[in-house]
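Below: one structure, written as structure tokens.
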Amino acid sequence: MKKLLVITAFLCTFASAQDQKLSPFDHLGHNMLLSAFGWPLGFHMLGGALTYHFSMEDNDLMVARFAARQNEVVSGVAFMPGMLMGTFGPFLIPGYMYFISDNQTLNNTGAVAIQATAVAFLYNNILKAISGRAHPDAENNSGELSRDFKWGFGRRGVFYGWPSGHSMTNAALAMSIASYHRDKPIVVAGCALYAGYIATSMVLGAKGEAHWFSDAVAGTLMGASIGWYIGSVFYKEKVGEKPEPSRVTVAPLFYDDTKGAVVSLRF
């Protein structure tokens, strides 16, 4: 009898988690903090390290020159759709899912995607405002230009900078959906292809003048990790699994004249 009661209670809890309507504001503070300073921090740092490597080794320059040599008509047909999707997709896709669709599964997926996209958009604009990286110039590309960062705050606004906003927000959008529906391989594969196509379009489209190769690589790594983390939180809630606290957490420290970071480890 006790076993039956336990099973019944579990099924009721699971059904309630499945039927619960999600909001983009659920777990927002927790997810904003840990998508920046939890395990995704490793992918953010990897994006920075790869940017340094690709710019110093002139890999960015090589890709930019390759993009500039391509036929404009062929390049436009191949990559302009990706650039347009990258611009409007983060608004239209989750917006339709959450606000317009009558399907609750899509509504919940849209809530997850809106949160992931918004968090990635916020972090991306902060990074762009701080980094101020120059964009490629098809007529005047050089290794020095690819390494032209104006560190500070707002020295080149938020339109010039690193990493690629299109790559980062769309990777967060796609991977949040993939993570939330990780038990559906077709959805995961489709989301990965979408994120990859957007990043490729931002590098090879418009004669390569939208972003450096490393902008797109870093943006995709950062956005994908943010999206997967946020999607995982909601997925565990959906299946009735209690989320575990992050094993490694890094938080900034500002106290009087002391500035640094606090690292906490959970064993």
Side-chain angles (χ1 to χ4, degrees), residues 47 50-51 54-55 57-97 100-101 106 109-110 113-114 116-117 120-121 124-125 128 133-143 145-146 148 156-178 181 184-224 227:
L50 289 175
T51 298
F54 292 148
S55 62
E57 296 296 322
D58 283 340
N59 300 126
D60 279 336
L61 177 61
M62 291 169 57
V63 175
R65 285 179 172 172
F66 170 80
R69 291 196 302 268
Q70 303 312 302
N71 180 278
E72 288 191 46
V73 175
V74 174
S75 177
V77 171
F79 302 116
M80 184 55 68
M83 299 182 78
L84 292 174
M85 288 164 60
T87 300
F88 299 108
F91 301 99
L92 299 180
I93 296 172
Y96 169 78
M97 289 179 172
I100 299 176
S101 175
L106 280 181
T109 304
I114 287 173
T117 303
F121 180 80
N124 178 261
N125 279 274
K128 278 191 169 185
R133 189 183 194 184
H135 280 197
D137 181 342
E139 301 298 327
N140 299 292
N141 278 325
S142 66
L145 184 63
S146 73
D148 183 5
R156 278 187 172 136
V158 295
F159 294 104
Y160 282 82
W162 165 93
S164 162
H166 288 73
S167 301
M168 189 167 174
T169 53
N170 282 278
L173 162 66
M175 289 300 103
S176 65
I177 295 173
H181 294 287
K184 299 176 181 177
I186 294 180
V187 173
V188 175
C191 288
L193 288 173
Y194 172 84
Y197 175 57
I198 300 299
T200 303
S201 298
M202 297 311 299
V203 176
L204 298 182
K207 297 182 68 176
E209 293 187 322
H211 275 291
W212 300 103
F213 173 60
S214 60
D215 289 341
V217 170
T220 301
L221 286 171
M222 294 175 176

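Both backbone and side-chain heavy atoms feed into the values below; hydrogens, waters and symmetry mates do not. As the structure is a prediction and not an experimental result, all values here were calculated from the model.
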task: Determine whether more than 12 heavy atoms belonging to other residues, nucleotides or ligands lie under 6.0 Å from atom CE of M62.
output: no
Closest non-hydrogen atom pair between P81 and Y197, with its separation: CB-OH, 3.7 Å
Any H181 side-chain heavy atom under 4.5 Å of V188 side chain: no
task: Please name the pair of heavy atoms, one in P163 and one in M168, separated by the smallest distance, quoted to 0.1 Å.
output: CG-SD, 3.9 Å
query: Taking all atoms of both residues into account, what is the closest heavy-atom pair of R133 and S55, and its distance?
result: NH2-CB, 3.7 Å
- prompt: How far does CG of D215 sit from CG of D60, to the nearest 0.5 angstrom?
  reply: 7.0 Å
- line: Scanning both residues in full, the closest heavy-atom pair of F213 with F54 reads CE2-CE1, 3.7 Å
task: Nearest 0.5 Å please: distance from the OG1 atom of T169 over to the CE atom of M222.
output: 13.5 Å
message: Does I93 form a side chain to side chain contact (heavy atoms under 4.5 Å, CB included) with Y194? I'd like the steps, not just the answer.
response: CA-CA 12 Å; I93 296 172; Y194 172 84; 3.8 Å; yes
task: Would you check if the side chain of N124 reaches a backbone N or O of A120 as a donor-acceptor pair within less than 3.5 Å?
output: no
P94 vs L173 side-chain heavy atoms within contact, under 4.5 Å: yes
field: Steps toward side chain to side chain contact (heavy atoms under 4.5 Å, CB included) verdict (L145, N140)
entry: CA-CA 8 Å; L145 184 63; N140 299 292; 5.5 Å; no
message: If I take atom OG from residue S146 and atom CG from residue L61, how far apart are they, to the nearest 0.5 angstrom?
response: 6.0 Å
field: Stepwise side chain to side chain contact (heavy atoms under 4.5 Å, CB included) check, D148 with R156
entry: CA-CA 11 Å; D148 183 5; R156 278 187 172 136; 2.8 Å; yes
message: To the closest 0.5 Å, what do you measure between CE (M202) and OG (S167)?
response: 6.5 Å
task: To the nearest 0.5 Å, tell me how far T117 OG1 sits from F91 CZ.
output: 9.0 Å
statement: Shortest non-hydrogen pair, G143 vs D58, comes out as CA-OD1, 3.5 Å
message: Quick check for you: to the nearest 0.5 Å, what is the distance between H166 atom NE2 and I198 atom CD1?
response: 8.5 Å
message: A quick test of your reading: do over 12 heavy atoms of other residues, nucleotides or ligands sit less than 6.0 Å from OH of Y160?
response: no
query: Between W212 and N59, is there a donor-acceptor pair closer than 3.5 Å when you use the side chain of the first and the backbone of the second?
result: no
query: Under 4.5 Å between any side-chain heavy atoms of L204 and F66, yes or no?
result: yes
message: Run the side chain to side chain contact (heavy atoms under 4.5 Å, CB included) test on E209 and H135 for me, step by step, so that the C-alpha distance in whole Å, both residues' side-chain angles and the decisive distance to 0.1 Å come before the verdict.
response: CA-CA 6 Å; E209 293 187 322; H135 280 197; over 6 Å; no
Distance-minimising heavy-atom pair for A195 and A171: CB-CA, 4.0 Å
